[in-house]
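Working notes for the structure below.
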Amino acid sequence: RAKQEGRGQWCFYTTEMQQRSVRQMQLEAALRRAEERDELRLHYQPQLAVTRSGEIAGQVIGVEALIRWQHPELGMVSPGEFIPLAESSGQILAIGTWVLRTAVRQMADWVREGLAPCVVAVNLSALQFRDPGLPELVQAVLEEAGLPPEYLELELTESVAAGNPQAACAMMDRLHALGVRLSIDDFGTGFSSLNHLKRFPIHTLKIDQSFVRDITTDADDRAIVQAIIQMAHALRLTTIAEGVETDAQADFLRAHGCDMVQGYRYCRPQPPADALAWIHGQRQRAGESADKPATSPL
Ligand code: C2E
Ligand code: MG
Ligand code: MG
Ligand code: MG
């Protein structure tokens, strides 16, 4: 009998451990209390319009909200690690609501302080997107903060359309009807059917940073980025390149008509006060360079 029990425990141990490591279980438990313990923060990364002049980056027209989790013992845990965990455990629904509410309140404060026109982009996980109550939640959060809907953009990934594109399209229509903007994040890494893409009420395609990274050296990546920009414009969509780190990448993107850029070349994601200070500085710089004649052939 003891042997059976032992074996039972062994089975439990292996299946649990194989599927989820000790670290993952630790993180999941800690994440459950992260919000109440005030361990979650949002950092904001500016998104800039591409100018026609030699100065690549002009006005800041958006900021992306990116979650940060600082745990007292585990340290800084990256969203790349804990967001997938929160998705598989369902915790992403509560965390996602916190993100939405915090970002919308922040932007409402900034608009009152004169930051307009600038949009806050919030990442939505596929699980949040499939929640039928999402449009009501978004509307309630906007009303509660007093933020007009056009100041909010929701970033979806191509995966939201997987399985049931009709339902995805219906949800996008409901969100669009609220007056918020929709964008497709990490575009090019999923398998979007172009047939669906043309019917989705979206505003922006975010070109995944994996294509931008080697844009100056890899002919395939250059071709893909050019094709995405051309297709987006043919469908009357705006493009934003993620992960822009160098002037050479920025030059290529400007030369091929990319509308916006976001990346370490300009500004890293930062706490709200630092992001705001950077944006004010950039507005002055962009204002000054706008007086100079355009030097680009575009
Ligand atoms: P994402 O939405 O595609 O965000 C872009 C990621 O690229 C961010 O990583 C950002 O910090 C990073 N990044 C920005 N500029 C550069 C650059 O020039 N070079 C490089 N190498 N990276 C750059 P982060 O903050 O670690 O977030 C990773 C992912 O986690 C996000 O990818 C998003 O999928 C997810 N995520 C972050 N915050 C949230 C959130 O509030 N909700 C949900 N559902 N997902 C989130
Ligand atoms: Mg994003
Ligand atoms: Mg992305
Ligand atoms: Mg991503």
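Counting convention: from 1, in listed order, for ligands and their atoms alike. Just so it is clear, the values below take in all heavy atoms, side chains as well, and ignore hydrogens, waters and symmetry mates.
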### Query
Is the backbone N or O of D38 less than 3.5 Å from a side-chain atom of R41, with the two atoms forming a donor-acceptor pair by type?
yes
### Message
Is it the case that the side chain of Q24 and the backbone of S21 share a donor-acceptor pair, with hydrogens and angles ignored and the cut-off at 3.5 Å?
### Response
yes
### P269 to ligand 1, any heavy atom closer than 4.0 Å
yes
### Task
Number the atoms of ligand 1 from 1 as they appear, then name those within less than 4.0 Å of a heavy atom of E64, with their elements.
2 (O), 4 (O)
### Q262 versus Q45, side-chain donor and acceptor atoms under 3.5 Å
yes
### Interfacing atoms of ligand 1 (cut-off 4.0 Å, heavy-atom, V244)
18 (O)
### P79: numbered ligand 1 atoms lying under 4.0 Å from its heavy atoms
24 (P), 25 (O), 26 (O), 27 (O), 30 (O), 37 (C)
### Message
At less than 4.0 angstrom from any non-hydrogen atom of E245, what atoms of ligand 1 do you find?
### Response
17 (C), 18 (O), 19 (N), 20 (C), 21 (N)
### Task
Please name the residue in the list L74, I92, V77 that meets the side-chain contact (heavy atoms from CB on, under 4.5 Å) test with F82.
V77
#### Entry: Close approach of E87 to ligand 1, heavy atoms, under 4.0 angstrom
no
### Query
What atoms of ligand 1 come within less than 4.0 Å of a heavy atom belonging to D185?
1 (P), 2 (O), 3 (O)
### Message
Taking only non-hydrogen atoms of H43, do any sit less than 4.0 angstrom from ligand 1?
### Response
no
### Query
In this structure, which one of L134, L152, I202 forms a side-chain contact (heavy atoms from CB on, under 4.5 Å) with L175?
L134
### Task
Using distance alone, decide if ligand 1 has a nitrogen or oxygen within less than 3.5 Å of any nitrogen or oxygen in N123.
yes
### Task
Go through ligand 1 atom by atom and flag the ones less than 4.0 Å from a non-hydrogen atom of Q45.
14 (C), 15 (N)
### Message
One residue to check: R68. Relative to ligand 1, which of side chain, backbone, both or neither has a non-hydrogen atom less than 4.0 Å away?
### Response
side chain
### Query
In chain order, what residues pass the side-chain contact (heavy atoms from CB on, under 4.5 Å) check against A277, with sequence neighbours excluded?
none
#### Entry: Distance-only N or O hit between ligand 1 and I67, under 3.5 Å
yes
#### Entry: the Mg ion (ligand 2) - name of the N/O/S atom of E155 that sits closest to it
OE1
### Query
In D186, what N, O or S atom is nearest to the Mg ion (ligand 3), if we give its atom name?
OD1
### Message
With rounding to 10 degrees, what does the angle N123:OD1 / the Mg ion (ligand 2) / E64:OE2 come to?
### Response
90°
#### Entry: E39 with R33: basic N within carboxylate O range, under 4.0 Å
no
### Message
For V122, which part has a heavy atom under 4.0 Å from ligand 1: side chain, backbone, both, or neither?
### Response
neither
### Message
Going by side-chain contact (heavy atoms from CB on, under 4.5 Å), name the residues that satisfy it together with A161, two or more places apart in sequence or in a different chain.
### Response
A168, F200
### Task
Report yes or no: does E242 have an N/O/S atom closer than 2.8 Å to the Mg ion (ligand 2)?
no
### Task
Verify the ring-centre separation between W110 and Y44: is it less than 6.0 angstrom?
yes
### Query
When you measure from the side chain of H256 to the backbone N and O of F252, does any donor-acceptor pair fall under 3.5 Å?
yes
### Query
Which atom, among the N/O/S set of D185, is closest to the Mg ion (ligand 3)?
OD1
### Message
Any carboxylate oxygen within less than 4.0 angstrom of a Lys/Arg side-chain nitrogen, looking at K206 and E64?
### Response
yes
### Query
Does E242, backbone or side chain, put an N or O under 3.5 Å from an N or O of ligand 1?
yes
### Query
So, T239 and D259: side-chain donor and acceptor under 3.5 Å apart, yes or no?
yes
### Query
Which of the atoms of ligand 1 are close to S125, meaning less than 4.0 Å from one of its heavy atoms?
44 (N)
### Query
Looking just at side-chain N and O atoms, do Q282 and R285 make a donor-acceptor pair shorter than 3.5 Å?
yes
#### Entry: Mode of V99 contact toward ligand 1 - side chain, backbone, both, neither (heavy atoms, under 4.0 Å)
side chain
